[in-house]
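Read the structure below first, then the notes.
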Amino acid sequence: MGGGSGNSSTLYRVIMSTDITLVSRQLFALVDVNNFYVSCERAFNPHLINRPVVVLSNNDGCAVARSNEVKALGVKMGMPWFQLKDLVRQHGIIALSSNYTLYGDMSDRVMTILRDFSPYVEVYSIDECFLGLQGLGKLWPTATDMGQSIRNRIYQWTSLPVCVGFGATKTLAKLANHIAKKQPEFNGVCDLAMMPSSQLDALLSAIEVGEVWGVGRRISQHLHAAGIHTVKTLRIRQPLGCVPDSA
DNA sequence: ATGGGTCCT
DNA sequence: AGGACCC
């Protein structure tokens, strides 16, 4: 589900691409399957729907996918089995070994559907895909309509639930996807590119910097030390710490 | 007692 | 090789 890195150039990229004052006419979508491995298992075993389900890594060593019910019980991403098994017993969690053949096949189906929406697809991980949407014309009245169309089609053809985020950069599209996933009132689709700045500010001030793509524990710590806690502040305080090493 | 990647230093 | 980040 993806790679990453942590360093000063990452910070530079993150901060620059979070700065919506660098307005371009570019538009990206990020489509992401919710709880991907669990959703794949549910697509073929309806008994798993509405139950707490966790999918384990290769040697059943740790949790790599969690249903919402399991997240609510406090199971963390990457949690090792020895910490997990008590919770599994106490709460009747269903723990499954991973089936990568199935997930790869489902991933291919999703990506094939997405190629009908844009010729510019970047498969970022087994369950995530960026779409470049610049200059594609107006097949949908708004990006949000397109996002709902993507959701509906993928659900109808694969029974997998996805969320869709739109933004002027990949980082913003990813953040939009995050919002679409966390805030049910968005109905699984969030477009940050067409959002009034007052609403954008309200949203971004409620999101911790650590939620931004590429900002992990280490960079969060540095940002906190600089008094930057929310994505709204990260945007405003953009000049801080953004000088690349070569400058 | 822990998975599998990528990218950077 | 080890660190940081991603699912």
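Just so it is clear, the model here is predicted, and its values are computed rather than measured. Side-chain atoms are counted along with the backbone in the values below, which use heavy atoms only and exclude waters and symmetry mates. Numbers restart at 1 for each chain; the letters A, B, ... are given by sequence-line order, proteins then strands.
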Side-chain heavy atoms under 4.5 Å apart, restricted to Ile/Leu/Val/Met/Phe/Trp/Tyr: what other residues fall into the cluster of Leu87(A), or is it alone?
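Once heavy-atom contacts under 4.5 Å are chained together, Leu87(A) belongs with Val54(A), Leu56(A), Val70(A), Leu73(A), Val75(A), Met79(A), Trp81(A), Leu84(A), Val88(A), Ile93(A).
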
Heavy atoms from other residues, nucleotides or ligands near [atom1] of [X] exceed 12 (cutoff 6.0 Å):
| X | atom1 | result |
| --- | --- | --- |
| Gln221(A) | CD | no |
| Tyr155(A) | OH | no |
| Asn45(A) | CG | yes |

Could you state the atom-to-atom distance from [atom1] of [X] to [atom2] of [N] in whole Å?
| X | N | atom1 | atom2 | value |
| --- | --- | --- | --- | --- |
| Asp32(A) | dC7(C) | CG | C1' | 9 Å |
| Arg217(A) | dA4(C) | CZ | P | 9 Å |
| Trp213(A) | dC5(C) | CH2 | C1' | 11 Å |
| Leu84(A) | dG3(B) | CG | C1' | 13 Å |
| Phe82(A) | dG3(B) | CZ | C1' | 14 Å |
| Leu223(A) | dA4(C) | CG | P | 15 Å |
| Lys181(A) | dC6(C) | NZ | C1' | 12 Å |
| Met77(A) | dG4(B) | CE | C1' | 10 Å |

Which listed nucleotide ([options]) is nearest to the side chain of [X]?
| X | options | value |
| --- | --- | --- |
| Tyr124(A) | dC7(C), dC6(C), dT2(B) | dC6(C) |
| Asp127(A) | dT2(B), dC7(C), dC5(C) | dC7(C) |
| Arg218(A) | dT2(B), dC7(C), dC5(C) | dC5(C) |

Identify, with sequence neighbours excluded, every residue that meets side chain to side chain contact (heavy atoms under 4.5 Å, CB included) alongside [X].
| X | value |
| --- | --- |
| Asn68(A) | Asn35(A), Lys71(A) |
| Thr142(A) | Thr144(A), Asp145(A) |
| Gln183(A) | Ile179(A), Glu185(A), Phe186(A), Leu203(A) |

Could you check which residues of residues 97-115 of chain A get a heavy atom under 4.0 Å from DNA chain B? Sort them by number, please.
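None, since no heavy atom is under 4.0 Å.
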
Could you list by number each residue of residues 56-63 of chain A showing a heavy-atom separation from DNA chain B of less than 4.0 Å, or answer none if no residue does?
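Contacting residues: Ser57(A), Asn58(A), Gly61(A), Cys62(A).
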
Give a yes or no on whether a salt bridge exists between Lys181(A) and Glu211(A), defined as a side-chain N under 4.0 angstrom from a carboxylate O.
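No, this pair does not count.
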
C1' atom, dT2(B) versus dC7(C): distance in rounded Å?
16 Å

Aromatic ring centroids of Phe166(A) and Trp140(A) under 6.0 Å?
no

Any side-chain N or O of Lys174(A) below 4.0 angstrom from OP1/OP2 of dC7(C)?
yes

